[in-house]
Amino acid sequence: MAQVKHTDPFKLGWTEDIVLPAHTKLLRMDKLRLEALKMLHKTVLPITYQPKFYERLYGQARDHSYLAEHRGVLVGDISCRFEAEKDNRMYIMTLCVLEPYRKNGIGATLLRNVMQDAYDTPEVESLVLHVQVSNAAALEFYKKRGFENKELVKDYYAGLKEDAYMLVLDTKQKE
């Protein structure tokens with residue numbers, strides 16, 4: 001099993017390193033895996049992203065985005081972009097893991113890598129994302145990792161006709 005070492009920059013009580021499942025590795029975003037990423041999103045996420053999303057993703061978000069691969073198959077991703085014009089926040093656009101690979105530390109490792117990037121990037125003041133109001137598992141996942149519910153956004157997911165919570169982790173309180 002591969003171990004991923006991290007500090008606990010935001011004093012969240014991380015007491016141990018995450019152990020990824022055997023034959024699982026984290027990779028940086030790259031163009032070679034964009035088609036596989038589209039299939040992953042189509043399989044896991046309730047939203048269908050347009051081709052422009054993936055063009056912007058690779059162009060603007062690859063520096064803070066990670067992929068999880070198990071035996072050569074893409075099983076998870078976290079896609080983030082830095083938004084200097086929006087209070088220097090790092091916005092998490094997607095975080096997903098295929099169902100059979102959940103609860104194995106893959107999602108937590110992906111998120112910890114982005115949290116470490118935020119810590120290591122002095123200009124980042126917060127990590128921000130939106131979660132469907134009905135997604136209790138995701139809300140609990142982020143709450144355990146220090147994110148706070150800051151706002152209810154009505155009709156955020158227009159295609160789904162569902163509201164979202166805006167979750168925020170303040171990164172200004174760095175060690």
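The figures here come from the full heavy-atom set of this structure, side chains too, leaving out hydrogens, waters and symmetry mates.
The two residues I106 and P21 make their nearest non-hydrogen contact at CG1-CD, 4.0 Å. Nearest heavy-atom pair, H64 versus T121, reported as atom, atom and distance to 0.1 Å: CE1-OG1, 3.9 Å. Residue L20 comes nearest to G105 through the heavy atom pair CD2-O, 4.0 Å, listed as atom of the first residue, atom of the second, then distance. Contact record, S65 with L57: OG-CD1, 4.4 Å, taken as the closest heavy-atom pair. Contact between D120 and P122 at its shortest, heavy atoms only, is O-CD, 3.4 Å. Of all heavy-atom pairs between V44 and C96, the closest is CG1-CB, 3.6 Å.
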Verdict with supporting geometry, Y66 and L27, side-chain contact (heavy atoms from CB on, under 4.5 Å): CA-CA 6 Å; Y66 296 89; L27 309 164; over 6 Å; no

Chi angles and distances behind the side-chain contact (heavy atoms from CB on, under 4.5 Å) call for M29, S79: CA-CA 8 Å; M29 180 73 63; S79 304; 3.9 Å; yes

Full working for side-chain contact (heavy atoms from CB on, under 4.5 Å) between Y156 and M166: CA-CA 10 Å; Y156 182 80; M166 183 175 75; over 6 Å; no

Verdict with reasoning, Y157 to H130, per side chain to side chain donor-acceptor pair (under 3.5 Å): CA-CA 9 Å; Y157 296 101; H130 290 88; over 6 Å; no

Residue pair L95, L129: steps toward the side-chain contact (heavy atoms from CB on, under 4.5 Å) verdict: CA-CA 10 Å; L95 171 58; L129 66 132; over 6 Å; no

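Here L139 pairs with V131, Y165, L167 under the side-chain contact (heavy atoms from CB on, under 4.5 Å) rule; sequence neighbours left out. Considering only residues two or more places apart in sequence or on other chains, K42 meets the side-chain contact (heavy atoms from CB on, under 4.5 Å) condition with none of them. Not counting sequence neighbours, the partners of R89 by the salt bridge (Lys or Arg N to Asp or Glu O under 4.0 Å) test are E83. When the salt bridge (Lys or Arg N to Asp or Glu O under 4.0 Å) test is applied to K25, the partners found at least two apart in sequence or on another chain are E69.
In this structure the side chain of V168 never reaches within 4.5 angstrom of the side chain of E148, judged on heavy atoms. Side-chain contact check for Y142 versus N149: every heavy-atom pair is 4.5 Å or farther apart. Using a 4.5 Å heavy-atom threshold, the side chains of F82 and D63 count as separate.
We find the SG-CG distance between C80 and D117 to be 8.0 Å, quoted to the nearest 0.5 Å. Rounding to the nearest 0.5 angstrom, the gap separating the CG atom in L74 from the CD atom in E35 is 12.0 Å. Distance check, rounded to the nearest 0.5 Å: CG of L45 to CE of M93 gives 11.5 Å. The distance from atom CE of M115 to atom CD1 of I78, rounded to the nearest 0.5 Å, is 9.5 Å. Separation of atoms CG (L110) and CG (L67) is listed at 8.0 Å; rounding is to 0.5 Å.
With hydrogens and angles disregarded, no donor-acceptor distance shorter than 3.5 Å links the side chain of T171 to the backbone of Y119. Using a distance-only test at 3.5 Å, with no hydrogens or angles considered, a donor-acceptor pair links the side chain of R145 to the main chain of F141. Judged by distance alone, the side chain of S126 and the main-chain N or O of L169 form no donor-acceptor pair under 3.5 Å. Between the D30 side chain and the R33 main chain, a donor and an acceptor come within less than 3.5 Å of each other.
Between D77 and R28, no side-chain nitrogen of the basic residue sits less than 4.0 Å from a carboxylate oxygen of the acidic one, so the salt-bridge criterion is not met.
Cluster membership for I47 and M39, using ILVMFWY side-chain heavy atoms within less than 4.5 angstrom, is not shared. Under a hydrophobic-cluster definition in which Ile, Leu, Val, Met, Phe, Trp and Tyr are linked whenever side-chain heavy atoms come within less than 4.5 Å, directly or via other members, L37 and V73 are assigned to the same cluster.
Sorted by first and then second residue, the salt bridge (charged side-chain N to carboxylate O under 4.0 Å, His left out) pairs with a member in residues 158-167 read K154-D163; sequence neighbours excluded. Sorted by first and then second residue, the side-chain hydrogen bond (donor to acceptor under 3.5 Å, both in side chains) pairs involving residues 43-57 (not counting sequence neighbours) are H41-Y54.
Between H23 and H70, the ring-plane angle classifies as perpendicular under the 30° and 60° cut-offs.
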